[in-house]
Amino acid sequence: MIPGLPQKLTQHGLPQRVTVYEVGARDGLQNEKAVVPTSAKAEFIERLADAGLWMIEATGFVHPKWVPQLADADELLPMLAARKFNEHTRFPVLVPNRRGLARAAATGVKDIAVFASATETFAQKNLNSTIEDSMTEIEATMQQALARGMRVRGYVSMCFGDPWEGPVSMRKVTDVVARLIEAGCTQVSLGDTIGTATPGHVRTLIDALERRGVARDRLAVHFHDTYGQALANTYAALQAGVATVDASAGGLGGCPYAESATGNLATEDLVWMLDGLGITTGVDLRKLVDVSSWMADILGRPAPSRTVQALTKGSRNRG
């Protein structure tokens with residue numbers, strides 16, 4: 001065991017390998033009050049890739065009026081194309097509709113993500129639409145993307161609770177997830193947008209989706225740590241057979257349309273747990289901590305990740 005890193009002790013019934021789907025450059029930075037320079041975003045992504053992350057959501061082609069932090073998407077993608085990355089590294093981008101898809105396609109992207117809501121209130125606040133109308137637009141967007149040979153991922157928000165509607169029925173969630181899979185999504189990420197999920201809820205929903213015909217290997221999970229449950233919920237998802245976990249470097253992020261949503265599960269905290277379980281991720285934890293510390297300096301505040309705080313404090317004490 002390297003000092004300052006966890007001892008590896010494997011547990012029965014967990015995946016041997018987990019894909020860490022890094023969302024810090026998009027979902028993390030979009031919730032920052034300050035707009036990060038495009039050149040710094042490109043370097044952030046490059047550093048994340050150097051730390052071993054290979055699935056890095058780079059940006060979103062959303063209207064700049066609603067998410068000004070992502071207004072530079074058309075500039076960022078060419079910057080990334082000019083840099084050297086491992087051939088397996090992928091940079092999905094979020095697109096809300098066919099207009100966003102057209103912009104994304106012009107930059108040559110191969111992977112997109114679409115997003116839906118499991119509740120009507122959030123659909124109105126985030127998508128300015130009903131669930132049915134938003135799904136119709138998503139399906140049309142996906143049809144065009146698939147015709148271009150793109151890979152499509154889906155997000156579903158408010159899977160475990162809604163700040164306006166309260167508890168969310170599993171039937172609503174399974175309806176939306178199954179529809180996205182049927183439309184051609186290679187994977188759907190279950191979003192705990194306001195962080196109210198608990199491990200039993202996570203397991204029950206994944207089981208319900210399997211009964212609906214959605215295989216566990218088509219699912220990912222996306223937890224927020226509002227009530228300190230993100231890692232516990234992740235462990236429950238791993239036990240249930242899910243092997244892709246969304247996380248944000250340093251714990252950046254939230255949701256601009258749900259004030260009760262705090263930061264995403266920190267990638268470093270996730271990798272610390274997975275390393276300790278002997279699960280392969282390909283991520284170099286110390287390099288990743290350095291990346292998040294660098295971004296924290298740019299943002300002018302400490303990284304929320306407890307692992308970043310612990311390891312950087314340990315480095316200072318040893319120095």
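Hydrogens, waters and symmetry mates play no part in the numbers below; they use all other heavy atoms, side chains included.
Closest of all the heavy-atom pairs between Val308 and Ser292 is CG2-CB, 4.0 Å. Contact detail for Ala116 and Ile138: the closest heavy-atom pair is CB-CD1, 3.7 Å. When all heavy atoms of Pro304 and Gly250 are compared, the closest pair comes out as CD-O, 2.9 Å. Shortest non-hydrogen contact noted between Phe85 and Ala49 is CD2-CB, 3.7 Å.
A donor-acceptor pair shorter than 3.5 Å cannot be found between the side chains of Gln144 and Arg148. In the model, His222 has a side-chain atom that pairs as donor or acceptor with a side-chain atom of Asp27 under 3.5 Å.
One finds a salt bridge joining Glu32 and Arg301 here, because a Lys/Arg side-chain nitrogen approaches an Asp/Glu carboxylate oxygen to under 4.0 Å. Salt bridge status for Asp207 with Arg203: present, with a side-chain N to carboxylate O gap under 4.0 Å. Between Lys172 and Glu120 there is no salt bridge, since no side-chain nitrogen of the basic residue lies less than 4.0 Å from a carboxylate oxygen of the acidic one. Checked for salt-bridge contact, Asp111 and Arg153 miss the test: no charged N lies under 4.0 Å from a carboxylate O.
Judged as a side-chain hydrogen bond (donor to acceptor under 3.5 Å, both in side chains), and not counting sequence neighbours, the contacts of Asp175 are Arg171, Arg212.
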Please test Asp269 against Thr307 for side chain to side chain donor-acceptor pair (under 3.5 Å), starting from the C-alpha separation and ending with a verdict. CA-CA 5 Å; Asp269 298 355; Thr307 300; 2.7 Å; yes
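Side-chain contact between Val291 and Phe44 is present, with heavy atoms from C-beta onward closer than 4.5 Å.
Residue Arg99 places its CZ atom among 12 or fewer non-hydrogen atoms of other residues, nucleotides or ligands, all under 6.0 Å distant.
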